[in-house]
S.K.: 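Sharing a structure here in structure tokens format.
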Amino acid sequence: MAAMVQARGLKKPFGSLTVLNGIDFDVERGEVVCMLGPSGSGKSTLLRCVNHLERPDAGVISVDGEIIGYRRSGDQLHELHGKQLAQQRSHIGMVFQNFNLFPHRTILDNVIEGACVVKKEPPETARDHARQLLDRVGLAGKVNAYPNHLSGGQQQRVAIARALAMRPKVMLFDEPTSALDPELVGEVLAVMKDLAREGMTMIVVTHEMGFAREVADRVIFMDGGMIVEQGLPQEVLDNPRAERTRSFLARVH
């Protein structure tokens, strides 16, 4: 069976800067991959290419066997837009650094929005599922609250519930704790650990080395738009082969 996520030959320049320089990687079903590396190394751009928020200039990404952002017709690839692209993205949950919640809507309404609009779920079905998800992330008592009444950690947990409401095949996390006060980081990581235990396929861009060590099946270190090395957490974090990895870890540990 093919990997859940496959990337082949990904390239993405921004002007004269090559942010992704020929990336190949696979993520197996149920695998948790943590991506580490300095700012500007291409981690977030790679994550955004997985759901076509960034369009790679070369290469392709597939999720569960389906090429993302394109429809194949014979030997040709035709880029998707609008509803077709939204339908593809509905299989890929993404959680950003900033929570991006609708401030004028309740927590419950924030969570059901995508399921109702993109997946056309009946509102009552979507609400029932959303309540289950909010209970799962520890926010059952906040369904009628508004985002500005919640802490940053609570808002990020709502964002995770909103992504899960789409019943995704894979979850992408782009430094989900970097905008949080230190004492709020643990509550978000706890939800992510639960997801990992339940077998969710996850790609996590993070600086949380303890989380990577505890939860990741594999760690990827990126620099200069390339994968420098990858392997088991204890291999990459405790005994890195590349000098660039060693110097990075010496600064962040």
S.K.: Run Val137 and Val158 through side-chain contact (heavy atoms from CB on, under 4.5 Å) and show every step you take.
M.R.: CA-CA 8 Å; Val137 300; Val158 173; over 6 Å; no
S.K.: Yes or no on side-chain contact (heavy atoms from CB on, under 4.5 Å) for Val188 and Val191, after CA distance, side-chain angles and deciding distance?
M.R.: CA-CA 5 Å; Val188 174; Val191 172; 5.8 Å; no
S.K.: How about Arg89 and Val118: do any of their side-chain heavy atoms sit closer than 4.5 Å?
M.R.: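 Arg89 does not reach Val118 side chain to side chain.
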S.K.: Which atom pair, heavy atoms only, marks the closest approach of Ala159 to Val95?
M.R.: O-CG2, 4.2 Å
S.K.: Can you sort out the partners of Arg127 under salt bridge (Lys or Arg N to Asp or Glu O under 4.0 Å), two or more places apart, ordered by chain and number?
M.R.: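 Once residues adjacent in sequence are excluded, the partners of Arg127 under the salt bridge (Lys or Arg N to Asp or Glu O under 4.0 Å) criterion are Glu124.
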S.K.: Is the shortest distance from a Lys or Arg side-chain nitrogen in Arg136 or Asp194 to a carboxylate oxygen in the other one below 4.0 Å?
M.R.: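 Asp194 and Arg136: not salt-bridged.
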S.K.: Sequence neighbours excluded, which residues qualify as side chain to side chain contact (heavy atoms under 4.5 Å, CB included) partners of Asp223?
M.R.: Pro38, Ser41, Phe221, Val228, Arg244
S.K.: With distance as the sole test, does Lys43 use its side chain to make a donor-acceptor pair with the main-chain N or O of Leu36 at under 3.5 Å?
M.R.: no
S.K.: What pairs of residues pass the ring pair (Phe, Tyr, Trp, His ring centres under 6.0 Å) test when at least one of them lies in residues 35-90, not counting sequence neighbours?
M.R.: His52-Tyr70
S.K.: Can you name the closest pair of heavy atoms from Asp217 and Pro233 and give their distance?
M.R.: O-CD, 3.7 Å
S.K.: Please determine which of Val27, Ile68, Val63 meets the side chain to side chain contact (heavy atoms under 4.5 Å, CB included) test together with Val50.
M.R.: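 Testing Val50 for a side chain to side chain contact (heavy atoms under 4.5 Å, CB included) against Val27, Ile68, Val63 leaves exactly one candidate, Val63.
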S.K.: May I ask you to decide if Ile67's main-chain N or O and Ser62's side chain share a donor-acceptor pair within less than 3.5 Å?
M.R.: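 Checking the backbone N and O of Ile67 against the side chain of Ser62, no donor-acceptor pair under 3.5 Å is found.
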S.K.: Is the closest basic N to carboxylate O distance between Lys11 and Asp57 below 4.0 Å?
M.R.: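 Salt bridge flag = no for Asp57 with Lys11.
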S.K.: Indicate yes or no: at least one non-hydrogen side-chain atom of Phe96 is less than 4.5 angstrom from one of Arg48.
M.R.: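 They are in side-chain contact.
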S.K.: Kindly check if the number of other-residue, nucleotide or ligand heavy atoms within 6.0 Å of CZ (Arg72) is above 12?
M.R.: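 12 or below, so no.
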S.K.: Listed by chain and number, what are the side chain to side chain contact (heavy atoms under 4.5 Å, CB included) partners of Asn148, not counting sequence neighbours?
M.R.: Tyr146
S.K.: Tell me every residue that passes side chain to side chain contact (heavy atoms under 4.5 Å, CB included) with Arg246, counting only those two or more places apart in sequence or in another chain.
M.R.: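 Counting only residues at least two positions away or on another chain, Arg246 forms a side chain to side chain contact (heavy atoms under 4.5 Å, CB included) with Pro240, Glu243.
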S.K.: List the atom of Gly30, the atom of Thr201, and the distance in Å for their closest heavy-atom pair.
M.R.: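 Shortest heavy-atom separation between Gly30 and Thr201 comes out as N-OG1, 2.8 Å.
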S.K.: To the nearest 0.5 Å, what is the distance between CE (Met166) and CE (Met171)?
M.R.: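 Met166 CE to Met171 CE: 11.5 Å, rounded to 0.5 Å.
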S.K.: Under the side-chain hydrogen bond (donor to acceptor under 3.5 Å, both in side chains) test, which residues partner Arg71, sequence neighbours left out?
M.R.: none
S.K.: Within a strict 4.5 Å, meaning less than it, do heavy atoms of the Ile227 and Gln230 side chains meet?
M.R.: yes
S.K.: Would a distance-only check, ignoring hydrogens and angles, find a side-chain to backbone donor-acceptor pair under 3.5 Å from Glu31 to Glu28?
M.R.: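 At least one qualifying donor-acceptor pair exists.
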S.K.: Salt bridge or not for Arg8 and Asp24, using N-O below 4.0 Å?
M.R.: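 Asp24 and Arg8: not salt-bridged.
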S.K.: Looking only at heavy atoms, which two atoms of Gly42 and Leu20 are closest? And how far apart?
M.R.: O-CD2, 3.4 Å
S.K.: Does any non-hydrogen side-chain atom of Leu47 lie less than 4.5 Å from one of Ile203?
M.R.: yes
S.K.: Side chains of Glu229 and Thr245 only: does a donor on one sit below 3.5 Å from an acceptor on the other?
M.R.: yes
S.K.: Answer whether the closest heavy-atom distance between the side chains of Val33 and Ile220 falls below 4.5 Å.
M.R.: yes
S.K.: Indicate yes or no: at least one non-hydrogen side-chain atom of Phe99 is less than 4.5 angstrom from one of Leu150.
M.R.: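 No, too far: nothing below the 4.5 Å cut-off.
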S.K.: Could you work out, with side chain to side chain contact (heavy atoms under 4.5 Å, CB included) as the rule, every residue matching Val215, not counting sequence neighbours?
M.R.: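 By the side chain to side chain contact (heavy atoms under 4.5 Å, CB included) rule, Val215 matches Val32, Lys193, Ala196, Phe211.
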S.K.: Taking side-chain hydrogen bond (donor to acceptor under 3.5 Å, both in side chains) as the definition, give me every residue that meets it alongside Arg131, ordered by chain and number, with sequence neighbours left out.
M.R.: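 Arg131 satisfies side-chain hydrogen bond (donor to acceptor under 3.5 Å, both in side chains) with no other residue.
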S.K.: Considering only heavy atoms from C-beta outward, does the side chain of Val204 approach that of Met35 to under 4.5 Å?
M.R.: no
S.K.: So Leu172 and Met202, do their side chains get closer than 4.5 Å, heavy atoms only?
M.R.: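 Met202 does not reach Leu172 side chain to side chain.
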S.K.: Under a single-linkage definition using a 4.5 Å side-chain heavy-atom cutoff for Ile, Leu, Val, Met, Phe, Trp and Tyr, are Phe25 and Met226 assigned to the same hydrophobic cluster?
M.R.: no
S.K.: Can you give me the closest heavy-atom contact between Val111 and Ala165, atom names plus distance?
M.R.: O-CB, 3.5 Å
S.K.: Suppose we screen for salt bridge (Lys or Arg N to Asp or Glu O under 4.0 Å). Which residues come up paired with Glu79, at least two apart in sequence or across chains?
M.R.: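 Residues passing salt bridge (Lys or Arg N to Asp or Glu O under 4.0 Å) with Glu79: Arg55.
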S.K.: Sequence neighbours excluded and cut-off under 3.5 Å, please list the side-chain donor-acceptor pairs for residues 177-187, or say none.
M.R.:
from   : atom 1 : to     : atom 2 : distance (Å)
Thr177 : OG1    : Glu208 : OE2    : 3.4
Ser178 : OG     : Gln97  : OE1    : 3.3
Ser178 : OG     : Glu175 : O      : 3.1
Glu187 : OE2    : Gln154 : N      : 3.3
Glu187 : OE2    : Arg157 : NE     : 3.4
Glu187 : OE2    : Arg157 : NH2    : 3.0

S.K.: side-chain contact (heavy atoms from CB on, under 4.5 Å) for Glu121 and Arg167? Distances and angles first, verdict last.
M.R.: CA-CA 11 Å; Glu121 275 193 23; Arg167 307 177 199 272; 3.2 Å; yes
S.K.: Supply the atom-to-atom distance Met209 CE to Cys34 SG, rounded to the nearest 0.5 angstrom.
M.R.: 9.5 Å
S.K.: Donor-acceptor check, side chain of Asn239 to backbone of Glu235, threshold 3.5 angstrom: yes or no?
M.R.: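 Not at all, since once roles are kept as given, no pair shorter than 3.5 Å links the two residues.
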S.K.: Using the side-chain contact (heavy atoms from CB on, under 4.5 Å) rule, take Asp238 and Arg213 through it: C-alpha gap first, then chi angles, then the decisive distance, then the call.
M.R.: CA-CA 10 Å; Asp238 296 337; Arg213 185 184 300 279; 2.9 Å; yes
S.K.: I need the minimum non-hydrogen distance between Cys116 and Ala126, along with the two atoms involved.
M.R.: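 Nearest pair, atom of Cys116 first, then Ala126: SG-CB, 3.7 Å.
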S.K.: Under the salt bridge (Lys or Arg N to Asp or Glu O under 4.0 Å) test, which residues partner Glu66, sequence neighbours left out?
M.R.: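 Salt bridge (Lys or Arg N to Asp or Glu O under 4.0 Å) list for Glu66, sorted by chain: empty.
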S.K.: Donor-acceptor pair, Arg162 side chain versus Asn110 backbone, under 3.5 Å?
M.R.: no
S.K.: Taking salt bridge (Lys or Arg N to Asp or Glu O under 4.0 Å) as the test, write out the residues that go with Asp174, two or more places apart.
M.R.: none
